[in-house]
Chemist: 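Dumping the structure here so I can ask a few things about it.
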Amino acid sequence: MLSRKLLPKNVTNVIKGFACQCRNYSQNETLKKTCLYDYHVKNGGKMVPFAGWSMPVQYTEGISESHLHVRSAAGLFDVSHMLQTRVTGRDGVAFIESMIVGDVGGLRDNQGTLSVFTNERGGILDDLIVSKTEEGYLYVVSNAGCADKDYNNMQTQAEQCRKKGMDVNVEMISNGLLALQGPSMSSVLQEGVDFDLNKLPFMTNKMATVFGIPECRVTRCGYTGEDGVEISVRPDRAEDLAQALTGSSKAKVMLIGLGARDTLRLEAGLCLYGSDIDETTTPVEGSLTWTIGKRRREEANFPGASVILKQIKEKPQRRRVGFISSGAPARGHTKIYDESGSSLIGELTSGCPSPSLKENVSMGYVKTAFTKNGTKVKFEVRKKMIDAVVSKMPFVPSNYFSPK
């Protein structure tokens, strides 16, 4: 889960062609800084504008090296720019379900789910993770690029619910948020917590003391396809936590920037809000039908339900799929044609060379008739037609943790 890349043009050279959606920023624009800004600068982070924040796109290591290190060991990401909110009150579940397609009522305590906010046309306003907690509130994390929109929408809906006599409140959590991702995550983190990580499956969470820092929310999730956690931590202790994790004797933990975060999520087949999904795409078109709970489909009481349920029944006109291609890398907005190259059938939304596969991977929308895996298509790249094939996502195997 990541809001649209908003990087200046000169970053294109820094990241050596890896996937980013770029635009110029005003020199007068005031950028927000996360609680780890000074830590990034001190450790060689290349800071760039991103969704209104100053964030590291990479460190001294190149993006490919950083990417492969996460796949083989562990990397630490600062995702403190993301919006964290707490929903309290006895009607908190009914409130959040009035805005999203997920079945939050069916979650156990300390269990979470990926979902999407939708509008009345079925379009996706943002993607989010919402978790029940044993402390009695909902913990919600959504994208930085949509933070103002999401928070305002939640507050407006909460006010409307209260006018109906419902008990619900929404408050922003000003914590830092660190993501530790990779196969070595568990060995690194285990020595700093007093509970067994083998009892924390994918998409569950727990309030814990982490390396002596109290009241950290540890959620087993991430945006890389690897085993990982996101740790919500008091902003004044975020650097202490980062130093403890990167100083681990169990494995080398590298600091990772936005560039590798994007290539990792693309290999994992995960959507980038603002590029792969937005207010013009529905969950069905975006291949996110699985986020719509069975009970929610039966009740049909989420925003845009009539549009979305009709698409489930009758199939949409287009759908998001993955591709592997040869030749020059294909980026977002690349036109997609049928195998003959004569008929326009869609457009890419994201693409990059895959450091893991040494092939070009991408995703985009095509007419439903062309969504079968193995379908041959053409991309128009630099006024030349190149070969591509519809491929199953994720492009690399997912390694989310489930107890044996």
Side-chain angles (χ1 to χ4, degrees), residues 1 3 82-175 177 202-207 217 219-221 230 232 271 273 277-279 282-284 286 288-309:
M1 186 175 66
S3 57
M82 298 182 74
L83 175 64
Q84 300 178 71
T85 51
R86 179 188 294 112
V87 178
T88 58
R90 66 175 180 273
D91 296 311
V93 170
F95 156 75
I96 199 69
E97 286 191 352
S98 73
M99 302 183 71
I100 69 174
V101 301
D103 182 2
V104 178
L107 297 176
R108 301 184 301 275
D109 282 350
N110 292 347
Q111 184 181 24
T113 185
L114 176 70
S115 191
V116 292
F117 291 113
T118 50
N119 60 31
E120 293 302 327
R121 299 179 301 280
I124 299 173
L125 296 171
D126 197 10
D127 57 306
L128 68 154
I129 292 178
V130 55
S131 300
K132 270 189 178 178
T133 70
E134 61 186 359
E135 290 80 16
Y137 61 85
L138 301 178
Y139 172 58
V140 181
V141 180
S142 56
N143 285 307
C146 298
D148 291 343
K149 177 179 72 173
D150 290 349
Y151 191 66
N152 290 337
N153 285 346
M154 292 174 76
Q155 289 289 8
T156 298
Q157 183 68 4
E159 180 61 27
Q160 292 175 353
C161 287
R162 286 192 291 269
K163 288 179 179 179
K164 298 176 184 178
M166 297 172 67
D167 176 27
V168 62
N169 284 284
V170 178
E171 59 181 302
M172 193 178 299
I173 301 172
S174 59
N175 279 0
L177 190 63
F202 180 59
M203 293 306 290
T204 63
N205 68 89
K206 181 178 180 62
M207 189 69 82
R217 172 77 55 190
T219 305
R220 200 150 196 166
C221 65
E230 292 183 355
S232 181
C271 292
Y273 189 82
I277 52 176
D278 57 28
E279 294 186 24
T282 70
V284 184
L288 297 171
T289 305
W290 60 270
T291 64
I292 309 169
K294 179 181 178 181
R295 175 178 62 83
R296 304 307 310 281
R297 299 186 197 193
E298 294 171 350
E299 294 176 354
N301 57 358
F302 51 85
S306 60
V307 175
I308 292 170
L309 296 177

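No hydrogens, no waters, no symmetry mates; every other heavy atom, side chains included, goes into these values.
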Chemist: Treating Y273 as the side-chain partner and I124 as the backbone partner, does any N or O pair qualify as donor plus acceptor under 3.5 Å?
Modeler: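 A pair under 3.5 Å: yes.
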
Chemist: Could R86 and Y137 be counted as a cation-pi pair, given that NZ or CZ must be under 6.0 Å from the ring centre and within 45° of the axis?
Modeler: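 Pair R86/Y137 counts as cation-pi.
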
Chemist: Step by step, work out the side chain to side chain contact (heavy atoms under 4.5 Å, CB included) result for I129 and C221.
Modeler: CA-CA 9 Å; I129 292 178; C221 65; 4.2 Å; yes

Chemist: Using the side-chain hydrogen bond (donor to acceptor under 3.5 Å, both in side chains) definition, which of the options R220, R217, E230 pairs with N205?
Modeler: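 Single pass found, and it is R217.
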
Chemist: Determine yes or no for a side-chain-to-main-chain donor-acceptor pair under 3.5 angstrom, with N143 supplying the side chain and G145 the backbone.
Modeler: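 Judged by distance alone, no pair lies under 3.5 Å.
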
Chemist: Any idea which heavy atoms bring N119 and G123 closest together, and the distance?
Modeler: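 The pair with the smallest heavy-atom distance is OD1-N, 2.8 Å.
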
Chemist: Rounded to the nearest 0.5 Å, how far apart are CD of E134 and CZ of R108?
Modeler: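 Here the interatomic distance stands at 13.0 Å.
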
Chemist: Testing D126, L125, I308 one by one against T118 for a side-chain contact (heavy atoms from CB on, under 4.5 Å), which residue passes?
Modeler: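 That would be I308; it is the only one of D126, L125, I308 passing the side-chain contact (heavy atoms from CB on, under 4.5 Å) with T118.
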
Chemist: Would a 4.5 Å heavy-atom cut-off, applied to side chains only, mark I277 and D127 as touching?
Modeler: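 Yes, at least one pair of side-chain atoms sits under 4.5 Å.
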
Chemist: Measure the spacing between CE of M82 and CG of D150 and express it to the nearest 0.5 Å.
Modeler: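 One gets 10.0 Å once the value is rounded to the nearest 0.5 Å.
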
Chemist: Say you draw a straight line from CG of L177 to OG of S232; how long is it, rounded to the nearest 0.5 Å?
Modeler: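 Going from the CG atom of L177 to the OG atom of S232 covers 6.0 Å.
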
Chemist: Report the residues that fulfil ring pair (Phe, Tyr, Trp, His ring centres under 6.0 Å) with F202, sequence neighbours left out, ordered by chain and then residue number.
Modeler: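 Applying ring pair (Phe, Tyr, Trp, His ring centres under 6.0 Å) to F202 gives Y400.
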
Chemist: Just by distance, do the side chain of Q84 and the backbone of S174 share a donor-acceptor pair under 3.5 Å?
Modeler: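 No; judged by distance alone, with no hydrogens or angles, the pair does not exist.
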
Chemist: Should E159 and R162 count as an ion pair when the cut-off is N to O under 4.0 Å?
Modeler: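 Salt bridge flag = yes for R162 with E159.
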
Chemist: Side chain to side chain contact (heavy atoms under 4.5 Å, CB included), that's the test. Do M154 and M99 meet it? Break it down for me.
Modeler: CA-CA 8 Å; M154 292 174 76; M99 302 183 71; 4.1 Å; yes

Chemist: Are the side chain of D167 and the backbone of D91 linked by a donor-acceptor contact shorter than 3.5 Å?
Modeler: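 Checking the backbone N and O of D91 against the side chain of D167, no donor-acceptor pair under 3.5 Å is found.
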
Chemist: With a 4.0 Å cut-off on N to O distance, would you call R295 and D103 a salt bridge?
Modeler: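 A salt bridge is present here (some side-chain N lies under 4.0 Å from a carboxylate O).
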
Chemist: In plain terms, say whether K149 and E279 are close enough for a salt bridge, that is, a side-chain N and a carboxylate O under 4.0 Å apart.
Modeler: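 Yes.
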
Chemist: Nearest heavy-atom pair of F95 and A158: which atoms, and what distance?
Modeler: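 Minimum heavy-atom separation between F95 and A158: CE1-N, 3.4 Å.
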
Chemist: Would you tell me whether E171 and T85 have side-chain atoms, one donor and one acceptor, within less than 3.5 Å of each other?
Modeler: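 Side-chain D/A pair, E171 to T85: absent.
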
Chemist: Using every non-hydrogen atom in the two residues, find where I100 and P303 come nearest and quote the distance to one decimal.
Modeler: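 Between these two residues, the closest heavy atoms are N-CD, 4.5 Å.
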
Chemist: Heavy atoms, side chains only, cut-off 4.5 Å: are S131 and L107 in contact?
Modeler: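 S131 does not reach L107 side chain to side chain.
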
Chemist: Taking all non-hydrogen atoms of both residues into account, name the closest pair between A300 and A305 and its distance.
Modeler: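 Nearest heavy atoms, A300 then A305: O-CB, 3.6 Å.
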
Chemist: For Q157 and S98, what are the C-alpha separation, side-chain angles and deciding distance, and is it a side-chain hydrogen bond (donor to acceptor under 3.5 Å, both in side chains)?
Modeler: CA-CA 8 Å; Q157 183 68 4; S98 73; 2.9 Å; yes

Chemist: Is the shortest distance from a Lys or Arg side-chain nitrogen in K132 or D109 to a carboxylate oxygen in the other one below 4.0 Å?
Modeler: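 Salt bridge: no.
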
Chemist: How about E135 and M207: do any of their side-chain heavy atoms sit closer than 4.5 Å?
Modeler: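 Yes. Closest side-chain heavy atoms under 4.5 Å.
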
Chemist: Which heavy atom of V87 sits nearest a heavy atom of G92, and at what distance?
Modeler: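 Here V87 and G92 meet closest at CG1-CA, 3.9 Å.
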
Chemist: CZ of F302 to CD1 of I292: how many Å apart, nearest 0.5 Å?
Modeler: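 The CZ atom of F302 sits 5.0 Å away from the CD1 atom of I292.
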
Chemist: Indicate the atoms forming the closest heavy-atom contact of V284 with T289, along with that distance.
Modeler: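 Shortest heavy-atom contact: CA-OG1, 3.4 Å.
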
Chemist: Atom CG in N153, atom SG in C146: separation rounded to 0.5 Å?
Modeler: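 One gets 9.5 Å once the value is rounded to the nearest 0.5 Å.
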
Chemist: Between T204 and N110, is any side-chain donor less than 3.5 angstrom from a side-chain acceptor?
Modeler: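 There is no such pair (donor and acceptor under 3.5 Å, judged by atom type) between the side chains of T204 and N110.
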
Chemist: Hey, what do you get for OG1 (T219) to OH (Y139), rounding to the nearest 0.5 Å?
Modeler: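 So the gap between those two atoms works out to 5.5 Å.
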
